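First the structure, which I've put down as structure tokens, then a few questions once you've had a look.
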Amino acid sequence: MHNSSIDDAFKERVYTLIGSIPVGKVAAYGQLAKLAGAANQSRAVGRLLKNLPAQSSLPWFRVINSQGKISFPVSSEKYMQQRQLLESEGVMFINDKVNLKKYQWLEDS
DNA sequence: GGCTGGGCACTAT
DNA sequence: TATAGTGCCCAGC
């Protein structure tokens, strides 16, 4: 309905998951939501990242959308910062997007 | 304190 | 590319 808030346990699980993404890999918002036990809450994941302190040690930049693209305007500062961090880890961009087949984090591997 | 409307770092057709 | 479905959150009443 209205006035809901992100469950604390869900939050914790998402943070833990993000911290578990290996260097050089990426994960989708929906993927994290599902792993955290709430399949339809991809949007909440995005909200969590937005509220994250800028100096947080969490690798928030390894979270992108299901199309393999960064969820910011291509010319924005945030976009370039995120892209640079990923490229510095060996994640390559082709036409502003990542090859998920190659770089998506598979929880089991 | 309760409701509503609108904005989003989303996804699936 | 566009549209619909979905959920979190904030600003005004």
Side-chain angles (χ1 to χ4, degrees):
Chain A
M1 296 283 296
H2 55 83
N3 187 37
S4 38
S5 61
I6 300 177
D7 182 77
D8 284 335
F10 175 74
K11 240 192 269 191
E12 296 262 336
R13 285 193 291 271
V14 172
Y15 289 150
T16 300
L17 285 166
I18 293 177
S20 306
I21 304 174
V23 173
K25 291 289 182 180
V26 298
Y29 296 90
Q31 178 185 4
L32 296 178
K34 187 176 179 182
L35 289 174
N40 309 4
Q41 318 229 228
S42 50
R43 226 155 179 148
V45 175
R47 179 65 62 180
L48 284 181
L49 297 197
K50 180 176 184 177
N51 295 333
L52 220 52
Q55 62 273 34
S56 167
S57 57
L58 275 175
W60 56 270
F61 53 87
R62 296 189 186 127
V63 183
I64 61 181
N65 66 33
S66 65
Q67 302 166 61
K69 299 197 298 185
I70 291 175
S71 298
F72 285 118
V74 177
S75 55
S76 67
E77 279 298 320
K78 299 290 266 178
Y79 173 92
M80 299 211 270
Q81 180 190 3
Q82 183 168 5
R83 173 165 176 163
Q84 244 178 35
L85 286 167
L86 288 175
E87 288 182 327
S88 73
E89 296 188 339
V91 178
M92 302 198 337
F93 283 73
I94 298 176
N95 294 330
D96 300 319
K97 68 182 179 189
V98 165
N99 183 342
L100 288 180
K101 295 279 188 192
K102 186 173 180 181
Y103 296 109
Q104 183 165 36
W105 173 45
L106 303 178
E107 321 78 48
D108 252 349
S109 61

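None of the values given here were measured: they were computed from a predicted structure.
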Under the 3.5 Å Watson-Crick or G-U criterion, the dot-bracket string of DNA chain B, with | for inter-strand pairs:
.|||||||.||||
Would you say A/Met92 ends up clustered with A/Val23 if hydrophobic residues are merged whenever their side chains have heavy atoms under 4.5 Å apart, either directly or through other cluster members?
no
Does A/Val63 reach the side chain of A/Gln31, with side-chain heavy atoms less than 4.5 Å apart?
no
Rounded to the nearest 0.5 Å, what separation is found between the CD1 atom of A/Ile21 and the OH atom of A/Tyr103?
15.5 Å
How many angstroms lie between atom CD1 of A/Ile18 and atom CH2 of A/Trp105, to the nearest 0.5 angstrom?
9.5 Å
So how far is it from A/Lys102 NZ to A/Lys25 NZ, rounded to the nearest 0.5 Å?
9.0 Å
Euclidean distance, A/Tyr15 OH relative to A/Leu52 CG, rounded to 0.5 Å
5.5 Å
Note: contacts of residues 9-19 of chain A with DNA chain B (heavy atom, under 4.0 Å) are none
Quick tally for nucleotides 6-13 of chain B: nucleotides whose base has a protein heavy atom under 4.0 Å get B, sugar-phosphate-only ones S, the rest -, giving -BBBBSS-
Backbone N or O of A/Ala33 within a donor-acceptor pair of the A/Gln41 side chain at under 3.5 Å?
no
Linking I/L/V/M/F/W/Y whenever any side-chain heavy atoms sit under 4.5 Å apart, do A/Ile64 and A/Ile94 land together?
no
Rounded to the nearest 0.5 Å, how far apart are CZ of A/Arg62 and CG of A/Leu85?
9.0 Å
Residue from A/Leu58, A/Leu48, A/Leu35 passing side chain to side chain contact (heavy atoms under 4.5 Å, CB included) with A/Val14
A/Leu48
A/Gln41 CD to C/dC9 C1', in whole Å, measures 13 Å
Quantified in whole Å, what is the P atom distance between nucleotide B/dA9 and nucleotide C/dG5?
22 Å
